[in-house]
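Just so you know, these numbers come straight off a predicted model, no measurement behind them. In what follows, chains carry the letters A, B, and so on, assigned in the order in which the sequence lines appear, proteins first and then strands, with residues in each chain numbered from 1.
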There are 2 protein chains.
Amino acid sequence: MTIGTMDVDSACARMAALSDPIRLRLLALIHKHGELCVCEMTHALSLPQPKISKHLAVLRNVELVRMRRNAQWVLYGLEHEAAAWLDGVLAITLRDIETDAAIVGDAKRLAGMRVRPQPCRDK
Amino acid sequence: MTIGTMDVDSACARMAALSDPIRLRLLALIHKHGELCVCEMTHALSLPQPKISKHLAVLRNVELVRMRRNAQWVLYGLEHEAAAWLDGVLAITLRDIETDAAIVGDAKRLAGMRVRPQPCRDK
DNA sequence: TGGGAATATCCTGACGAACGTATATGCGTA
DNA sequence: TACGCATATACGTTCGTCAGGATATTCCCA
């Protein structure tokens, strides 16, 4: 998919990327916090790390998120090239599901993280 | 899924319904014309009728469209209960893909239909 | 009541996606 | 250089989904 342009197929690919609860929860977190590292998301969702990584790879492949390495951590943020579409869809959807138990729980667990990795704060 | 409420899972189910080129093309047509019967959409997309019916059933199951029988025809329109979410997502997405060859071709074939079924005009 | 058109459903096979586990890579530090 | 932490990828399995064709259902009209 070429950034900037959108055809039916790439729109479908992006919809498919959004059609998974784990990926939607990840995006909700990233959308709220700007940038997060994998260990934070792993902790927030309480799921195995490979699973989180794999889902992030899916989001990365359709260019909804981008990754940035900082020391031994990898930070994920929204792909700003896709922001026009993504921000719209995400805003509309998150507004409807922000009270969902899973979404709320994720936010709580992330907030309750005792020692958050260093690079995640020096943005 | 209960109409009106939205949790993560139902949001994902709706995203999944939007993650197919045929269903996106069908929604683009319905969104533009308000209500269409199956034979019109079959003609517009130039695909086998069972295929169209099956995809419409998927959209119906997640309550994105509703059906209404009129004589021997069945008319499909957007489910107005889902309109808040659907209209937003659809508007954002269609704006990006309205120039896609498939979308343009569908609209042309529909417009070029010599004899459109009667009930589709008496709305 | 019988025929034909419009629409929906059933069946089977094939492909892709998700999972869990194990393993590899990259970076900092001793 | 060796070790440990953070992250990514490979592998094998399972499961849901899509396609295509055949068939069933519903309705109108003669």
Compare every heavy atom of B/Ala17 with every heavy atom of B/Arg23, then report the nearest pair and how far apart it is.
NE-O, 2.6 Å
Round to a whole Å and report the spacing from CZ of A/Arg60 to C1' of D/dT7.
10 Å
Does either side chain, that of B/Thr93 or that of B/Asp96, offer a donor lying less than 3.5 Å from an acceptor on the other one?
no
Over how many whole Å does the gap from B/Asn70 atom CG to D/dC28 atom C1' extend?
12 Å
For C/dA17, does either OP1 or OP2 sit under 4.0 Å from a side-chain N or O belonging to A/His55?
no
For A/Val58 and for A/Arg69, locate the closest nucleotide of DNA chain C by heavy-atom distance; then report the residue assigned to the nucleotide nearer the 5' terminus.
A/Val58
Nearest whole Å is fine: how far is D/dC28 C1' from B/Gln72 CD?
5 Å
DNA chain C: A/Arg23 or B/Tyr76, which has the more 5' nearest nucleotide?
B/Tyr76
Would you classify B/Pro50 as touching base, sugar-phosphate or nothing, given that sugar-phosphate means primed atoms plus P, OP1 and OP2, and contacts are heavy atoms under 4.0 Å?
base
Considering every strand and a 4.0 Å limit on heavy-atom distances, what is the contact class for A/Met67: base, sugar-phosphate, or nothing?
sugar-phosphate
Using the side chain to side chain contact (heavy atoms under 4.5 Å, CB included) rule, pick out the option among B/Leu36, B/Val38, B/Ile52 that qualifies with B/Tyr76.
B/Val38
If you take all heavy atoms of A/Ile103 and A/Glu98, which pair is closest and at what distance?
CG2-O, 3.9 Å
Would you mind reading off the distance between B/Trp73 atom CH2 and D/dC28 atom P, rounded to a whole angstrom?
9 Å
Mind calculating the distance between CD1 (A/Ile22) and P (C/dA17) to the nearest angstrom?
16 Å
Between D/dC18 and B/Lys51, is there an OP1 or OP2 to side-chain N/O distance shorter than 4.0 Å?
no
In whole angstrom, what separates B/Ile52's CD1 from C/dT9's P?
15 Å
Test side chain to side chain contact (heavy atoms under 4.5 Å, CB included) applied to B/Leu27 and B/Ile22, B/Val89, B/Leu59, the passing residue:
B/Leu59
Between P of C/dA18 and CG of A/Leu59, the distance in whole Å
10 Å
Using a distance-only criterion (donor-acceptor N/O pair, under 3.5 Å, no hydrogens), is the base of C/dA6 paired with the side chain of B/Gln49?
no
Calculate the interatomic distance between B/Asn61 atom CG and D/dC18 atom P; express it in whole Å.
11 Å
At less than 4.0 Å, is any side-chain N or O atom of B/Lys54 found next to OP1 or OP2 of C/dA8? Yes or no.
no
